[in-house]
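Scroll down for the structure; my scribbles are underneath it.
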Amino acid sequence: MKAAAVPACASGWLCIFEHINGGGKRLIFRDDYWQKLEVYGFENTLSSWRNNQGSNDSGMIGKYAPTGFAWGNLSPGGYASNVGNDWNDQVDEIYG
């Protein structure tokens, strides 16, 4: 079985996707401040991501958990085809 290709994400941008393997709706960011995904109709929708920003430009995803605000790092040059059960369809905000 052939591995899925890494989804397109323009150089200098952080891309998030509705479905695993970069499928479905895509949003792109490169602003270094927290943004609420609710504004884009994307709250609790993220399933995969690709960070195609510079080598020193990490992104972050965040969610409101019972213990407070939890965040996860999106490494520069990184890609997650599936964010897993702890994050899938649970992300409220993005920094990138």
Side-chain angles (χ1 to χ4, degrees):
M1 177 157 72
K2 185 177 177 181
V6 175
C9 183
S11 179
W13 293 88
L14 170 61
C15 301
I16 59 174
F17 302 92
E18 176 182 20
H19 301 306
I20 64 169
N21 299 319
K25 183 178 175 182
R26 176 184 70 174
L27 295 181
I28 59 175
F29 297 91
R30 67 174 178 186
D31 302 313
D32 288 332
Y33 58 88
W34 284 102
Q35 297 184 60
K36 294 189 179 298
L37 293 175
E38 175 183 39
V39 172
Y40 305 99
F42 211 80
E43 183 178 36
N44 300 323
T45 302
L46 180 144
S47 292
S48 58
W49 60 270
R50 180 175 179 196
N51 187 351
N52 206 15
Q53 298 181 102
S55 62
N56 294 322
D57 204 353
S58 290
M60 290 182 274
I61 52 176
K63 66 179 179 177
Y64 297 97
T67 57
F69 189 75
W71 60 273
N73 187 44
L74 309 181
S75 302
Y79 167 60
S81 62
N82 184 341
V83 295
N85 291 336
D86 289 341
W87 289 97
N88 189 54
D89 295 338
Q90 298 180 47
V91 175
D92 301 302
E93 297 189 24
I94 189 161
Y95 182 98

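Bear in mind the structure is a predicted one, so any value in this text is a computation, not a measurement. Note that the numbering runs from 1 along the sequence shown for the chain.
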Would you say [X] and [Y] make side-chain contact, with heavy atoms under 4.5 Å?
X	Y	result
N44	V91	no
T45	L37	no
R50	V6	yes
S47	D89	yes

Other residues, nucleotides and ligands only: do more than 12 of their heavy atoms fall within 6.0 Å of NZ on K36? no
All heavy atoms of S48 vs all of G22, minimum pair found to be OG-N, 3.0 Å
Closest heavy-atom contact between P76 and S58? CD-OG, 3.3 Å
Drop me the distance from [X]'s [atom1] to [Y]'s [atom2], to the nearest 0.5 angstrom.
X	Y	atom1	atom2	value
E43	E93	CD	CD	9.0 Å
E38	D92	CD	CG	8.5 Å
F17	R26	CZ	CZ	6.0 Å
I61	N73	CD1	CG	9.5 Å
D31	I94	CG	CD1	10.0 Å

Sort and list the pairs that fulfil disulfide bond (SG atoms under 2.5 Å apart) and have at least one residue in [range], not counting sequence neighbours.
range	result
residues 67-96	none
residues 17-85	none
residues 7-37	C9-C15

Sequence neighbours excluded, which residues qualify as ring-ring contact (aromatic ring centres under 6.0 Å, His included) partners of W71? none
Counterpart residues, ring-ring contact (aromatic ring centres under 6.0 Å, His included), relative to Y95 (two or more places apart): W34
Got a donor-acceptor contact below 3.5 angstrom from the N51 side chain to the Q53 backbone? yes
Where the side chain of Q90 meets the backbone of N85, is there a donor-acceptor pair that is under 3.5 Å apart? yes
Check the pair D32, D57 against side chain to side chain contact (heavy atoms under 4.5 Å, CB included), reporting the backbone distance first and the verdict last. CA-CA 9 Å; D32 288 332; D57 204 353; 3.6 Å; yes
Could you check W49, Y40, F42 and say which one makes a ring-ring contact (aromatic ring centres under 6.0 Å, His included) with F29?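 So the option named by the test is Y40.
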Applying side chain to side chain contact (heavy atoms under 4.5 Å, CB included), can you list everything that pairs with N82, at least two apart in sequence or on another chain? I20
Treating Ile, Leu, Val, Met, Phe, Trp and Tyr as nodes and any side-chain heavy-atom pair under 4.5 angstrom as an edge, say whether M60 and Y33 lie in one connected cluster.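 Looking at the clustering, Y33 is in a separate group from M60.
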same_hphob_cluster(L14, V39) at 4.5 Å side-chain heavy-atom cutoff: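 Yes, because L14 and V39 connect within a single hydrophobic cluster, where side-chain heavy atoms sit under 4.5 Å apart.
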